[in-house]
Number of protein chains: 2
Amino acid sequence: MLMQKNQAFEHAEMTNETIYAGRSLSALFLASAMEPVSAGRAICWEGDEANHLFQVVEGVVRLYRIVGEGRRVITAFCFAGDLIGASLQSDFLFTAEAVTECRIRRVSRKSFHDEVARSDALHTAYISLLCQETAAAHEQMVLLSKKNAEERLCSFIAKLASRRNPQARQSLLRVPMNRQDIADHLGLTIETVSRTLTKLASRNVVAPEGRHDLRIVNLAVLTQLSGDADDFFEKSCHRVSLH
Amino acid sequence: MLMQKNQAFEHAEMTNETIYAGRSLSALFLASAMEPVSAGRAICWEGDEANHLFQVVEGVVRLYRIVGEGRRVITAFCFAGDLIGASLQSDFLFTAEAVTECRIRRVSRKSFHDEVARSDALHTAYISLLCQETAAAHEQMVLLSKKNAEERLCSFIAKLASRRNPQARQSLLRVPMNRQDIADHLGLTIETVSRTLTKLASRNVVAPEGRHDLRIVNLAVLTQLSGDADDFFEKSCHRVSLH
DNA sequence: CGACCGATTGATATGGATCAAAATTAGTGG
DNA sequence: CCACTAATTTTGATCCATATCAATCGGTCG
């Protein structure tokens with residue numbers, strides 16, 4: 001049981017808060033049965049009553065909304081350890097679908113909240129998680145609002161890389177989602193994602209190895225190109241000029 | 001005192017949860033002194049330690065981040081009754097600036113959390129607020145990711161209108177922010193906002209009256225054009241085809 | 001009245017979308 | 001293991017919505 005729990009958080013490079021929040025809240029799922037979800041299948045649907053929360057134990061999940069005729073927005077990807085539905089009040093505001101083969105656990109919303117209310121530590125962890133979700137959503141708003149295709153893709157890759165999944169010996173990065181998923185997450189088309197990736201490859205920033213792996217050749221440049229490097233030049237300049 | 005509190009929530013058209021969340025949490029601010037903030041002045045800065053939460057008692061505030069050289073993203077506008085900084089853990093992730101003359105109150109983060117921890121009702125309200133913030137952020141992600149200029153502007157206006165501020169006799173809507181603010185919130189340029197507005201006016205959807213007022217001529221069409229009308233056609237079609 | 005600032009309008013440029021193949025890769029059945 | 005088919009990705013050609021650059025307009029304030 002404990003092994004299981006730790007396994008879900010094997011990846012390094014998380015903040016202390018994240019680990020704390022994830023760790024303690026994930027204890028609430030340990031009593032639940034593990035459910036396998038095969039790639040492509042839905043875990044919950046937008047509009048349905050949010051009677052459960054889920055934890056991704058293994059695999060990758062996409063959360064998305066459909067807007068108008070066929071336009072899909074992937075608001076987030078969830079990885080091992082992540083909770084699905086923590087920030088919901090009554091209904092699911094997104095559909096959750098397995099990107100890869102997954103294993104998940106579920107708990108009822110009621111029991112989740114009962115447990116959280118019972119423990120200060122869990123409570124803190126829960127608040128912390130909600131705040132992180134908001135922060136992530138804001139980050140994504142910035143990306144969608146002001147970044148060009150290259151910056152978007154570099155941000156995405158850099159973030160994936162910083163998650164440092166187990167498979168990543170040296171600098172080989174697993175990219176479980178397909179091009180369409182990436183496009184729908186970054187607000188681009190599949191063609192633009194492909195072209196941008198080719199361009200990055202030709203500039204020796206990354207080197208695609210098959211559809212689902214990327215060798216990060218130059219992380220420094222990648223970060224630079226992502227547009228949220230701490231080039232304290234620009235940032236401090238602006239900070240000052242605003243006062 | 002109580003008058004004050006109610007005044008901040010005079011506008012109708014909010015969900016029950018919103019009212020509840022806002023009402024009870026705003027009690028925490030009543031003991032604090034009212035601080036005037038003149039238009040254009042900052043309330044807090046991105047990067048600073050988030051030692052306080054603020055409540056907007058009167059006026060409108062913009063929350064923004066600066067990305068790269070001079071690109072500004074307004075992640076949200078805050079109105080009377082709204083809290084600023086509820087979803088922050090340690091540092092401010094945005095700068096808050098008065099759009100109009102404002103009056104605000106502040107409480108220390110510590111005392112806020114102490115009080116919230118002490119009351120179940122406050123606690124529920126706080127969670128509720130965080131969830132709403134996340135939902136709003138997701139909504140904005142959809143807008144930035146998949147909507148065109150017209151849909152964005154219509155969404156914005158419709159949302160403003162649904163807030164139904166006091167000045168709104170009949171269908172005259174106050175728009176306190178300038179074109180640049182709107183542009184930076186919608187991920188457009190000032191010119192595109194202006195042109196799109198002109199187009200909407202020529203189609204008799206809205207009628208600008210001065211820089212800061214809009215007469216809503218046809219709310220039905222406005223909602224339709226916003227792209228999140230419940231045209232159960234499309235939606236139900238898609239829901240079905242996905243299963 | 002003139003200078004200034006925000007908003008509008010106009011002309012042009014462009015990044016990414018769209019439409020259309022071609023090239024890879026993955027699956028399937030023999 | 002290989003041939004065949006389907007799906008995904010890449011590449012190419014063209015188009016278009018919005019950005020950019022530039023000029024004008026309308027209100028406001030000294």
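First the proteins, then the strands, lettered A, B, ... as listed; each starts at 1.
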**OP:** Provide, to the nearest angstrom, the distance between the CD1 atom belonging to B:Ile190 and the P atom belonging to C:dG10.
**Re:** 17 Å
**OP:** Answer yes or no: is there an ion pair linking B:Arg106 with B:Glu35, defined by an N-O contact shorter than 4.0 Å?
**Re:** yes
Original post:
Between C:dA7 atom C1' and B:Asp184 atom CG, what is the distance in whole Å?
Top reply: 15 Å
**OP:** Could you state the atom-to-atom distance from CZ of A:Arg179 to C1' of C:dG16 in whole Å?
**Re:** 18 Å
**OP:** Could you state the atom-to-atom distance from CG of A:Leu197 to P of D:dT9 in whole Å?
**Re:** 11 Å
Original post:
Quick one: do A:Arg203 and A:Glu150 make a salt bridge, cutoff under 4.0 Å?
Top reply: yes
**OP:** Kindly state each residue pair satisfying salt bridge (charged side-chain N to carboxylate O under 4.0 Å, His left out) with at least one member in residues 72-81 of chain A, sequence neighbours excluded.
**Re:** A:Arg72-A:Asp181, A:Arg72-A:Asp184
**OP:** Answer yes when B:Glu209 and B:Arg174 have at least one side-chain N-carboxylate O distance shorter than 4.0 Å, and no when they do not.
**Re:** no
**OP:** Rounding to 10 degrees, work out the angle separating the end axes of the helix from C:dC1-D:dG30 to C:dG30-D:dC1 (five pairs an end).
**Re:** 40°
Subject >> Test item: side-chain donor near acceptor, B:Thr95 and B:Glu46, under 3.5 Å >> reply: no
Original post:
Taking A:Arg152 for the side chain and A:Lys147 for the main chain, is one N or O donor matched with an acceptor at less than 3.5 Å?
Top reply: yes
Subject >> Distance, rounded to the nearest Å, where A:Lys146 contributes NZ and C:dG15 contributes C1' >> reply: 15 Å
**OP:** Treat primed atoms plus P, OP1 and OP2 as sugar-phosphate and everything else as base, then score nucleotides 17-30 of chain D 5' to 3': B for base contact with protein heavy atoms under 4.0 Å, S for sugar-phosphate contact only, - for none.
**Re:** -SSBB----B----
**OP:** For the pair B:Ser162 (side chain) and B:Lys159 (backbone), establish whether a donor and an acceptor sit closer than 3.5 Å, ignoring hydrogens and angles.
**Re:** yes
**OP:** Check the pair A:Asp213 / A:Leu173 against side chain to side chain contact (heavy atoms under 4.5 Å, CB included), numbers first and verdict last.
**Re:** CA-CA 6 Å; A:Asp213 290 286; A:Leu173 177 70; over 6 Å; no
Original post:
Which whole-number value in Å describes the distance from A:Asn178 CG to C:dT24 C1'?
Top reply: 15 Å
**OP:** Check the distance between C:dG16's P and A:Leu144's CG and give it to me in whole angstrom.
**Re:** 13 Å
Original post:
Between C:dT24 atom C1' and A:His212 atom NE2, what is the distance in whole Å?
Top reply: 13 Å
Subject >> Check: A:Arg41 side chain, A:Glu101 main-chain N or O, donor-acceptor pair, under 3.5 Å >> reply: no
